[in-house]
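Everything below concerns the one structure shown next.
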Amino acid sequence: MVRVRFAPSPTGKLHLGGLRTALYDYAYAKNQGGKFILRIEDTDQTRFVEGATENLINSLKMMGLDFDEGPTFQSQRLDIYKKYALQLIEQGDAYYCFCTQKELDLARQRQKELKLPTKYPETCRNLPQEEVEKNLAQGLPYVIRLAMPKDKDFVIFDKVRGKVKIDSSLLDDQVILKSDGFPTYHLAAVVDDHLMEISHVIRGEEWLYSTPKHIHLYDCLGWKPPIWVHLPLILNENKAKLSKRDGDFSVGAYLEKGYLPQAIINFVALLGWNPKNEQEIFDLQYLCDKFSFKAVNKAGAVFDERKLEWMNGQYIRKMDLQELADLLKKYFIEAEIDISDEQKYLKVIDVAKDYLVLLPQVVPHSKMFYQELEFTDEDLALLHAQESQAVFGYYLENLPNCEDYEQFVKTASAELGIKGKAYFFPLRLALFGNSSGPNIPILLDILGKEESKKRLEKVML
RNA sequence: GUCCCGUUCGUCUAGUGGUCUAGGACGCUGGCCUCUCACGCCGGUAACAGGGGUUCAACUCCCCUACGGGAUGCCA
């Protein structure tokens, strides 16, 4: 049974990198008929951000990634981690460490100066039993460290990277239980992944190097390790790991900007994976059907928003008109534009949708259908030209009797003997406020005879 | 510094020893459609990091170098 978990820490909003991990988790689970589980790794009290958990869950929901189990909160399982930490001490696989922060900083600094690898000097690794008990009795603050084996080569079999060897002599005696009684990631993740029967640990590449510590923990506890899957990172334009300093890459921020969830999903899915064919536009279902780790890339992918923009436009144009119209309503309401004429509104959206990259752009692209137009001096010069006035005069006189806009526009041109730009530009300017834009018959159709007449009268001398 | 991972057009990528004069997409660009803009359609631009091997044959396998990234926390 495939069971995968998405395990974010509530230290901020769900960002694109996290979303991609969740997406692959989800896709793999669905592909294999397994379960997608949410676990909140809230073991760092100092970095906890109010509302982050809600944001995480909400963002997943917005993206359509429903989890089958969870959320499980690690902060509510402290006694479990402690139990295993103590068991490890009992077995001699972990030990109490009473080193102070200051001592550790100093040691690290010295190692740096000597250009040595920075790792814990193992001061407390072989503390006599009596001393440990004395310190404990005195109530000295302590952490519990994992005693890494010496001279052991760890081999990680990673689903996307293959075999990775890491020599244990380079590995640190990592803290597994902090002085505040909370576990660190290493202990909590291993314990939970085992207890929750996680079959595949799918996470960012930044974890690859600490995997031996996790493997060792599984060994010590006599558990079977899961299958490891380390995903490539999502990079900024400078090819560094996407971080908060580069801007707001949260899912919420992209939704706010006016990207469609489907477009975000599609785009993010393609950052590090592809269906091995030339199809680039696909939905979540297709991703689930096609997903496999074999098709996941090893190298990090630079996030290029221009392609996301293009994709968003594709989705906007593909969408059902009524659905799109409903979705866009809020932007008109925000702009205090009255769109109560449903029939007109639908026509407006049908025209505007070809111009959109981001949802909110609908307002600047269609407000001229609702608001009184304003003209510059240059506009007025064109509108007041003799030929323009002749066109407007003809329209004012004959439009009321017109039955077919398309035919009317052609006939008018022929009868007036005016064509091309000289004919269309002034008309479009008068009706739409811009010499470029939709076709005149469409404009007439959207505005209707009444409003068209009003607009033409306004520019008549 | 040390260790780990990576390296095909500017970007996302296809490619698993011969089918590669390296394919697709975004971007940029030329054209078509057209009164204009947008959409759409057709075309162009541009890449195997470098050097050694292995092989009849290397983008594909091996080694080295370079470059990039990650880790090196009582953060995840």
Side-chain angles (χ1 to χ4, degrees), chain A residues 7-12 41-44 46-47 97 99-101 104-105 108 111-120 141-145 156 158 160-161 164-167 169-172 174-186 188-189 203-212 230 232-233 235 237-241 267 270-281 294-295 297-311 313 317 351-357 365 409 413 419-425 427-429 432 434-440:
Chain A
S9 63
T11 54
E41 311 224 318
D42 50 350
T43 54
D44 186 354
T46 64
R47 290 207 312 156
C97 167
C99 294
T100 64
Q101 198 58 57
L104 295 173
D105 289 345
R108 233 187 314 268
Q111 287 164 338
K112 266 194 177 149
E113 279 163 13
L114 295 170
K115 303 205 166 182
L116 258 56
T118 50
K119 54 182 286 194
Y120 176 61
Y142 67 87
V143 301
I144 295 176
R145 286 182 186 271
I156 305 159
D158 186 276
V160 346
R161 264 147 243 282
V164 178
K165 279 192 203 124
I166 294 171
D167 177 353
S169 67
L170 279 343
L171 267 17
D172 219 351
Q174 194 66 236
V175 171
I176 54 172
L177 199 82
K178 300 183 255 189
S179 56
D180 62 2
F182 278 67
T184 59
Y185 172 87
H186 308 283
R203 66 209 332 185
E205 193 190 358
E206 69 265 31
W207 291 109
L208 183 60
Y209 194 65
S210 35
T211 304
H230 289 93
L233 267 14
L235 279 15
E237 335 173 80
N238 302 320
K239 297 189 180 270
K241 185 167 137 184
F267 180 74
L270 247 10
L271 250 29
W273 177 87
N274 75 84
K276 298 290 173 195
N277 57 35
E278 284 177 355
Q279 185 173 345
E280 293 210 284
I281 302 288
K294 261 187 254 153
N297 292 117
K298 293 180 174 73
V302 174
F303 170 74
D304 179 10
E305 192 161 344
R306 282 179 306 181
K307 189 157 180 175
L308 210 208
E309 286 181 346
W310 164 78
M311 201 171 267
R317 257 151 255 137
V351 166
K353 72 174 199 294
D354 280 351
Y355 293 84
L356 304 184
V357 166
H365 275 111
V409 170
S413 173
K419 56 184 183 178
K421 290 181 186 177
Y423 174 64
F424 290 105
F425 277 28
L427 267 176
R428 186 148 37 230
L429 191 54
F432 187 66
N434 199 311
S435 56
S436 70
N439 296 336
I440 303 300

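Here is the naming used below: chain letters follow the sequence lines, and residue numbers restart at 1 for every chain. Keep in mind that what you see is a predicted model, and the values were worked out from it rather than measured.
G204(A) comes within contact range of no nucleotide atom at all, as no heavy-atom separation falls under 4.0 Å. Across all strands shown, E280(A) has heavy atoms under 4.0 Å from base atoms, whether or not it also approaches the sugar-phosphate. Among the atoms of the strands shown, only primed sugar atoms or phosphate atoms (P, OP1, OP2) are found under 4.0 Å from some heavy atom of Q174(A). Note on R428(A): a base of the nucleic acid sits closer than 4.0 angstrom, heavy atoms only. Nucleic acid contact class of T43(A) (heavy atoms, under 4.0 Å, all strands): sugar-phosphate only. Counting any heavy atom pair closer than 4.0 Å across all strands shown, K353(A) reaches no nucleic acid atom. Contacts of K419(A) with the nucleic acid, taken as non-hydrogen atoms under 4.0 Å apart, are absent. Across all strands, K119(A) comes closer than 4.0 Å to no nucleic acid atom at all (heavy-atom distances). S9(A) comes within 4.0 angstrom of the backbone, heavy atoms only, and of no base. Here K178(A) lies in heavy-atom contact (under 4.0 Å) with a base. Across all strands shown, Y423(A) has no heavy atoms under 4.0 Å from either base or sugar-phosphate atoms. Contacts of N439(A) with the nucleic acid, taken as non-hydrogen atoms under 4.0 Å apart, include base atoms. Here R306(A) lies in heavy-atom contact (under 4.0 Å) with a base. Residue-level contact check: V164(A) touches the backbone only, with heavy atoms under 4.0 Å from sugar-phosphate atoms and none from bases.
Nearest nucleotide to the side chain of E206(A), out of rC74(B), rC4(B), rA76(B): rA76(B). Taking only side-chain atoms of T184(A), from C-beta outward, the nucleotide of rC35(B), rA14(B), rA76(B) with the closest atom is rA76(B). The side chain of K276(A) lies closest to rG15(B) when the candidates are rG15(B), rC75(B), rU2(B). With rU13(B), rC26(B), rC37(B) as the candidates, the nucleotide lying closest to the side chain of K307(A) is rC26(B). Checking rU11(B), rG6(B), rC74(B) against the side-chain heavy atoms of A299(A) singles out rG6(B) as nearest. Of the candidate nucleotides rC35(B), rC37(B), rC74(B), rC35(B) has the atom nearest to the side chain of F425(A). Here the side chain of Y355(A) is nearest to one of rA14(B), rA38(B), rG6(B), namely rA38(B).
Using N1 to N3 plus N6-O4 or O6-N4 for Watson-Crick, or N1-O2 and O6-N3 for G-U wobble, each under 3.5 Å, rA58(B) pairs with nothing.
Here the C1' atom of nucleotide rA14(B) and the CD atom of Q279(A) are 15 Å apart, to the nearest Å. In this structure, the CG atom of D304(A) is 12 Å from the C1' atom of rC28(B), given to the nearest Å. Rounded to a whole Å, the NZ atom of K421(A) is 15 Å from the P atom of rU34(B).
Residue S179(A) places a side-chain atom within donor-acceptor reach of the base of rC74(B), judged by atom type and a 3.5 Å distance cut-off alone.
Annotation: rG50(B) and rU21(B) have their C1' atoms spaced 24 Å apart (nearest Å).
The aromatic ring of F424(A) sits over the base of rC35(B), with ring centres less than 5.5 Å apart and planes inclined by under 30°.
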